[in-house]
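Encoded as structure tokens, the structure appears first; notes follow it.
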Amino acid sequence: MASIADALTSTRARLQAACQAAGRDVASVRLLAVSKTFGVEAVAAAHAAGQRAFGENYIAEGVDKIQAALALGLGGLEWHCIGPVQSNKTALVAAHFDWLHSVDRLKIAQRLSAQRPAHLPALQVCLQVNLDGEASKSGLSLAEVVPLAREVAALPGLCLRGLMSIPAPRDRAGSLHSPCGSEAQRQPHRALAGLFAQCQQALAGGAGQHAARFDTLSMGMSEDLEAAVAEGSTLVRVGRSIFGERGDTA
Ligand SMILES: *Cc1c(COP(=O)(O)O)cnc(C)c1O
């Protein structure tokens, strides 16, 4: 099995090739290493290879890992919560994470804003959009996005940074065929990018300071990062390509 350092190198090379194919600067896309289900040793190995931004799905697991990383003295880490958050977990998220990608209700946003400790900068948040319209999945319907963006942008403890989505997997081999992904993979990312532009316009009419920081399109995972970059992603969330297959199905 490849080491985490080697896997990071090849993931960065994939990202670079995708940016080149899309005519984009590689500095315009951040790599978030999704370390869920892996221990703090995996985070330490990625850190030693220069990675600083990490994503976690499960709040309790994430908080334990954040504390273990602090105990190891790993510096400069940025922690992103990318999983669903229930009301009874908002205080933990507000106290420990730098980012939350999965806001999909005003009530959760209000609790996070109120619970964000005063000594920390605002919690950076994205709204999660459900592009596939599956009732079982979390995320906002398209029509809900702009109204919620306006409300979240006004909350003092939060900084609204953009949109996130997890499209249903499609055409898993797409990235093998083309450095821009396949059309089937690109379609949901194109839809999110369109909604992102719409939100940017809507926010520009309101508080200018917030509109200026609405700059994050969180889309693309191990299987479709090429397609996401081709459609304008500014942050790809990559787990398996860096850390290997997970033992669970998460
Ligand atoms: C697990 C997960 C990822 C990473 O998926 P991989 O297929 O391992 O790259 C990205 N985003 C979210 C929200 C996830 O839950």
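Every number for a ligand or one of its atoms is a count from 1 in the order of the listing. One is the number of the first residue; the rest follow in order along the sequence. FYI, side chains are in, hydrogens and waters are out, and symmetry mates aren't considered; it's all heavy atoms of this structure. Please read these numbers as outputs of a predicted model, since none were measured by experiment.
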Quick one: does ligand 1 sit under 4.0 Å from the side chain of R246, the backbone, both or neither, non-hydrogen atoms only? side chain
In ligand 1, the atoms that come under 4.0 Å of a heavy atom of I166 are 13 (C)
Check each atom of ligand 1 against the heavy atoms of N57 and keep those under 4.0 Å away; list them by number with element. 14 (C), 15 (O)
Nearest non-hydrogen contact to atom 6 (P) of ligand 1 from the set G244, S138, S35, S222 belongs to S222
Side chain, backbone, both or neither: K36 near ligand 1, heavy atoms under 4.0 Å: side chain
Considering only heavy atoms, which of T11, L32, I82 lies nearest to atom 12 (C) of ligand 1? I82
Atoms of ligand 1 less than 4.0 Å from G239 heavy atoms? 4 (C), 6 (P), 8 (O), 9 (O)
Evaluate the ring planes of F54 and W79, with Trp represented by its six-membered ring, and classify them as parallel (under 30°), tilted (30 to 60°) or perpendicular (over 60°). tilted
Could you list the atoms of ligand 1 found under 4.0 angstrom from a heavy atom of V238? 9 (O)
Any idea which atoms of ligand 1 are less than 4.0 Å away from a heavy-atom of R240? 6 (P), 7 (O), 8 (O), 9 (O)
Salt-bridged, E183 to R190, with N to O below 4.0 Å? yes
How are the rings of W99 and H80 set relative to one another: parallel (under 30°), tilted (30 to 60°) or perpendicular (over 60°)? parallel
Is S178 reaching over with its side chain to a backbone N or O of C180, donor-acceptor style, under 3.5 angstrom? yes
Is a donor on one side and an acceptor on the other found under 3.5 Å between the side chain of T234 and the backbone of L217? yes
Distance-only, no hydrogens or angles: does the K65 side chain make a donor-acceptor pair with backbone N or O of S35 under 3.5 Å? yes
Taking only heavy atoms of R237, which atoms of ligand 1 are found under 4.0 Å from at least one of them? 4 (C), 9 (O), 10 (C), 11 (N), 12 (C), 13 (C)
Between D224 and M221, is there a donor-acceptor pair closer than 3.5 Å when you use the side chain of the first and the backbone of the second? yes
